[in-house]
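The structure appears below as C-alpha cells.
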Amino acid sequence: MRNLLPLISSHPGGRSSLTCRFRCGDACFKETPNTSDNEYAGDIIARAVSRRSMMRAAAVVTVAAAAGTAALTGPNAPQAEAVALAGHGHEPPRKPAPSGARGLRFSPVAPNKNDKVTIPDGYSQNVVIRWGEPILRGAPAFNPDKQSAKAQAGQFGYNNDFLSLLPLRGERGRQVLVANHEYTDEILMFRGYDPANPTREQVEIAWAAHGLSVVVVQEEHRTGKLGPVSRHPLNRRLTATSEFRVTGPAAGSPLLRTSADRTGRKVLGTLNNCAGGTTPWGTTLHGEENFNQYFANGNTDMHKRYGIGTGATERKWERFDRRFDLAKEPNEANRFGWVVELDPYDPDSTPRKRTALGRFKHEAAQPRLTSDGRPVVYMGDDEKFDYLYKFVSSKRMKKGTSRAAREHNLTLLDEGTLYVAKLTGDSPAAEIDGTGKLPTDGEFDGSGVWIPLATGTTSHVPGMTADEVYVYTRLAGDKVGATKMDRPEDVEPSPRTGRVYVALTNNSDRGKEGKAGADEANPRNANKHGQILELAENWDDPAGDGFAWRLFLVAGDPDDPATYFSGFPKESVSPISCPDNVAFDDHGNLWISTDGNQLGSHDGLFGVATHGDRRGELKQFLTVPTGAETCGPVIQDRRVLVAVQHPGEVDGASVEKPASIWPDGPGKIVRPSVVAVWRKDGRDIGV
C-alpha cells in the first residue's frame, strides 16, 4: 500500500489566503454565521413521521432509479420493496469489466502540479476566451496597462465560473456561451495595487469585471476548438451596475427598499455569481454567493447571520458608492444573495432576481421537471453548517419557442413552495464516531423530509412573515431545525435516473467545541475532503416531501480508510478532494470539479459512473494550472469545457511577481479563461 498523499495546505479548504480574501471575504477565519442550536439528528422527523414507512417508500425509488426507470407502483411494488430492503447494506468490492464505464474510457490524468491544463493522452485543447477579450462592438483589445471601466464593460469578465452552452438555431457550428464572473482579485489585475487605497478607476473596472457574459462561439471545422464571435448581436455584458428586476413574492417588500429604489423592485448589479443552471425552457440561472463581503458596517444580528462584517470591506467600494455602506443603506445587502434568471436569446431583456427561491449564499440552481411539467429547483447554501433547499413551482412549463410560451415560462420561478431539508441517518448514533468509519450496515444512509418554509405570501415558519422567510431564509432554516451540512455547493439531478447529487465540499469546523458534531450525512469531524450525497425522492416525485439518501462518495486519498467510492475497488480510482461543481454526461456519469484539493495536486475535473457494475469508478480527466480552481464544467458528446478560475492566485503573487505563466506564457499577465478539450480523432469523449 502506498503512503497517504500529503496535505498541501494548512489553510481551511486548501486554498491560498489570497483566494479567501477576494473570493469569500476570509469566511474560513471568521465566526461561522450559523450559531443556531437546532437539532442535528433526526429527532424532529422521528416525532412527526413513521420512519419505517418513509424508508420503505424511498427504498422502492432507489431500486427504480438504479434501473433507470420510474418509481415502481401497482401489484409488483411490494415485491420490489422487499428486494430493496433485503439488499440494503454494504456493497462488496466488484471486479471491473475490462472496457470501463462508457464515457470514461480514457487514461486518467495523474495528480500533478503542472502550471498548465493537463489532459489525457489522445486529447487536444484550446483557450476559448480569456479575461478582457472584446465581445461587444467598440470594445478595444485587452491591454493590462490601459484598462478602463468602459473597456471592461465590453470585454469578457474576470474569474469565470459557471458555464452554459446553448444551441443557436440557424447558425451552423455556433453556440451561445453564458459565463458567470464570480469575483475580482485586484492584486492580480492591476500593477502596483494598494489594497488600502484603491482608486475610483480601479473600483469601477472591478464593477465592470463582475457579473455575466453572453458570447456566441464558433466551432472550428473538424476539431473541437471553439472561439468567440466578437460583436455578435446576442453578445452581452451584465455588470455590478447593470439593471436587474426583482420578481416573485418578496418583490416590493419594505425589506428590499432603499433610498435609490423606493419600489424594492429594481437592483443595480449582480455580485459573486458562482455556479448556476440551465432551464428546460432555454434560460440560465445564476447563483449570487459570497455577496456579504462587498458590504461594510454591518450592525444587526441578521447581517451577522449572513456573514457581513462590522467594519470596512476588502475592496473599499463603500468609499465610492454609499449603497455598499450598510450604515447608510441598511437594506442594500438584502437585494443580493438571490438566483438570477437570464434570457440569453434576448439581448434587450432585463434579468430577474427570483425571490421565491430564497436568499442565501447560492452556489447553484438546477431544475428538473415533475411528471406534470412543473420545475423543481435544487439549491445549496455554500457555508459551513448551512442547508440544502428546493423550490417546487406551482406552474407548468409550456413547450415550444413561441413568444407566448417564452413569456409564460419566464414566470415559472415566481410562484411555488420553498423547502429546506432535514436528514436522518439509519444507524445508531454511537456508530458515527467522526472518523468516517462505515457503520455496521455498510453505508452512510437514511431518510429525510422537505420542510416547507413559504408558499407565495403564506409563511409556514412560526414567527416569520413570508417576506422575512424569503429575505432571511437562513433564519427560517434555523427555526425549523434543518440539517447542518458540510458546505452544500452544486446540486444536480440526474437526467437519466432522477437521483439528485449534492456536492459537500468540506468543513474544517465539524466537531469543534461548540460546533455541530459528525452525523451520518456528514460523518467526519474536521472534514478536509468533502463528500457527494445521493438523494432519491420518494416515488421519484420531485414535488414530494420525503426522500431517501446515501453518501455516494466520501472523498480523499483512496488509501485512507475514511473514504468510500460506492463499493468500487479503491485501488482503481483517482484521488479526489473537495468536490464543488458537478454535471452529467449523456451516459449518466457524474463529472465533478474540485476546489481546494488537499492531496498534493492541483484541482481537477473527474468523471464517475453512477450506475451499473462500475458504479463508483472515478477517473481524473484534467488538472488546472498553479493556484487555479476548476469551474464550469460543460460535458458534451465531443467536447468538455471548464472555466479555469483564479490561475496564479498564490500567496505573495502579484502582477509584478506572477505565480503562474498560464495561459499566454512568460511576460504576460495571468488571465482566467475558458478551455475546451476534445479527442484528437474527433470521436465522442470517453468511448
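Predicted, not measured: the structure shown is a model, and the values here were computed from it. Computed over heavy atoms, backbone and side chain alike; hydrogens, waters and symmetry mates excluded.
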Check: [Y] main-chain N/O paired with [X] side-chain donor or acceptor under 3.5 Å:
{"X": "N160", "Y": "A179", "value": "no"}
{"X": "N272", "Y": "N290", "value": "yes"}
{"X": "R335", "Y": "L256", "value": "yes"}
{"X": "T239", "Y": "A153", "value": "no"}
{"X": "K422", "Y": "G481", "value": "yes"}
{"X": "R323", "Y": "F295", "value": "no"}
{"X": "R237", "Y": "A208", "value": "yes"}
{"X": "T473", "Y": "G358", "value": "no"}
{"X": "D382", "Y": "E363", "value": "no"}
{"X": "D261", "Y": "K266", "value": "yes"}

> Cation-pi between R368 and Y378: NZ/CZ under 6.0 Å from ring centre and within 45° of the ring axis?
Replying inline: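 Geometry flag: not set, cation outside 6.0 Å or 45°.
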
> Cation over ring, R315 on Y183, under 6.0 Å and within 45°?
Replying inline: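 No, a cation-pi geometry is absent between R315 and Y183.
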
So which atom in [X] and which in [Y] form the shortest heavy-atom distance, rounded to 0.1 Å?
{"X": "G380", "Y": "V491", "value": "N-CG2, 3.8 Å"}
{"X": "H303", "Y": "G298", "value": "ND1-CA, 3.5 Å"}
{"X": "E243", "Y": "P351", "value": "O-CD, 3.9 Å"}
{"X": "V469", "Y": "A476", "value": "CG1-CB, 4.1 Å"}
{"X": "A583", "Y": "P633", "value": "CB-O, 3.8 Å"}
{"X": "N34", "Y": "Y387", "value": "ND2-OH, 3.0 Å"}

>> Run the side chain to side chain donor-acceptor pair (under 3.5 Å) test on T313 and E318 for me, step by step, so that the C-alpha distance in whole Å, both residues' side-chain angles and the decisive distance to 0.1 Å come before the verdict.
In response: CA-CA 8 Å; T313 65; E318 63 273 16; 2.7 Å; yes

>> Go through it in stages, so that I can follow the logic: the residues are R305 and D478, the test is salt bridge (Lys or Arg N to Asp or Glu O under 4.0 Å), and I'd like the CA-CA distance, side-chain angles, deciding distance and then a yes or no.
In response: CA-CA 10 Å; R305 181 65 182 89; D478 297 343; 2.8 Å; yes

If you round to the nearest 0.5 Å, how far is [atom2] of [Y] from [atom1] of [X]?
{"X": "N409", "Y": "T283", "atom1": "CG", "atom2": "OG1", "result": "8.5 Å"}
{"X": "E289", "Y": "D381", "atom1": "CD", "atom2": "CG", "result": "8.5 Å"}
{"X": "R550", "Y": "S447", "atom1": "CZ", "atom2": "OG", "result": "14.0 Å"}
{"X": "L268", "Y": "D321", "atom1": "CG", "atom2": "CG", "result": "8.0 Å"}
{"X": "W450", "Y": "N538", "atom1": "CH2", "atom2": "CG", "result": "11.5 Å"}
{"X": "W549", "Y": "D445", "atom1": "CH2", "atom2": "CG", "result": "6.0 Å"}

> Given N273 and N180, is the side chain to side chain donor-acceptor pair (under 3.5 Å) satisfied, shown in steps?
Replying inline: CA-CA 6 Å; N273 300 91; N180 281 355; 4.8 Å; no

>> Under the rule for side chain to side chain contact (heavy atoms under 4.5 Å, CB included), what residues qualify as partners of T247, not counting sequence neighbours?
In response: R245, R352, R354, D414

> Got a sec, which residues hit side chain to side chain contact (heavy atoms under 4.5 Å, CB included) with A327, two or more places apart in sequence or on another chain?
Replying inline: N297, D325

>> Walk me through whether H286 and F244 qualify under ring pair (Phe, Tyr, Trp, His ring centres under 6.0 Å).
In response: CA-CA 13 Å; H286 308 265; F244 289 74; 9.3 Å; no

pair [X]-[Y]: side-chain heavy atoms closer than 4.5 Å:
{"X": "I532", "Y": "L590", "result": "yes"}
{"X": "T401", "Y": "Y345", "result": "no"}
{"X": "T284", "Y": "L212", "result": "no"}
{"X": "L342", "Y": "R236", "result": "yes"}
{"X": "T610", "Y": "R499", "result": "no"}
{"X": "L418", "Y": "M379", "result": "yes"}
{"X": "W338", "Y": "V471", "result": "yes"}
{"X": "L238", "Y": "V340", "result": "no"}

>> Less than 4.0 angstrom from a charged side-chain N to a carboxylate O is my criterion; do K390 and E537 meet it?
In response: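 Looking at K390 and E537, the cut-off is met.
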
>> What I want to find out is whether D346 reaches R406 closely enough, with some N-O distance under 4.0 Å, to be called a salt bridge.
In response: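 A salt bridge is absent here (no side-chain N lies under 4.0 Å from a carboxylate O).
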
>> I'd like to know whether Y306 forms a side-chain contact (heavy atoms from CB on, under 4.5 Å) with T300, so could you lay out the CA-CA distance, the side-chain angles of the two residues, the decisive distance to 0.1 Å, and finally the verdict.
In response: CA-CA 10 Å; Y306 278 82; T300 69; over 6 Å; no

Judged by modelled atom types alone, do [X] and [Y] share a side-chain donor-acceptor pair under 3.5 Å?
{"X": "E492", "Y": "N581", "result": "no"}
{"X": "E182", "Y": "N159", "result": "no"}
{"X": "D467", "Y": "T465", "result": "no"}
{"X": "N331", "Y": "R257", "result": "no"}
{"X": "T278", "Y": "S164", "result": "yes"}

> How far apart are the C-alpha atoms of E332 and F324, what are their side-chain angles, what is the distance that settles it, and do they pass the side-chain contact (heavy atoms from CB on, under 4.5 Å) test?
Replying inline: CA-CA 7 Å; E332 185 67 27; F324 295 107; 5.6 Å; no

>> For E415, run the salt bridge (charged side-chain N to carboxylate O under 4.0 Å, His left out) check against R396, R374, K395 and tell me which one passes.
In response: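 It is K395, the one option of R396, R374, K395 that forms the salt bridge (charged side-chain N to carboxylate O under 4.0 Å, His left out) with E415.
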
> Does the side-chain contact (heavy atoms from CB on, under 4.5 Å) test come out yes or no for V449 and D545, once each step is laid out?
Replying inline: CA-CA 5 Å; V449 293; D545 60 4; 5.8 Å; no

> For D301, does the CG atom sit with more than 12 other heavy atoms under 6.0 Å from it, leaving out its own atoms?
Replying inline: no

>> Please determine whether the number of non-hydrogen atoms from other residues, nucleotides or ligands lying under 6.0 Å from atom NZ of K316 exceeds 12.
In response: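 Yes, enclosed.
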
> Can you check side-chain contact (heavy atoms from CB on, under 4.5 Å) on V339 and L413, steps first, answer last?
Replying inline: CA-CA 10 Å; V339 170; L413 301 184; 5.6 Å; no

>> Quick check on the 6.0 Å ring-centre criterion: do F360 and Y389 meet it?
In response: yes

> So among K353, H362, K361, which one has a side chain to side chain donor-acceptor pair (under 3.5 Å) with E288?
Replying inline: K353

> After noting the C-alpha distance and the side-chain angles of Y294 and F336, does the key distance pass the ring pair (Phe, Tyr, Trp, His ring centres under 6.0 Å) rule?
Replying inline: CA-CA 10 Å; Y294 301 93; F336 296 85; 8.2 Å; no

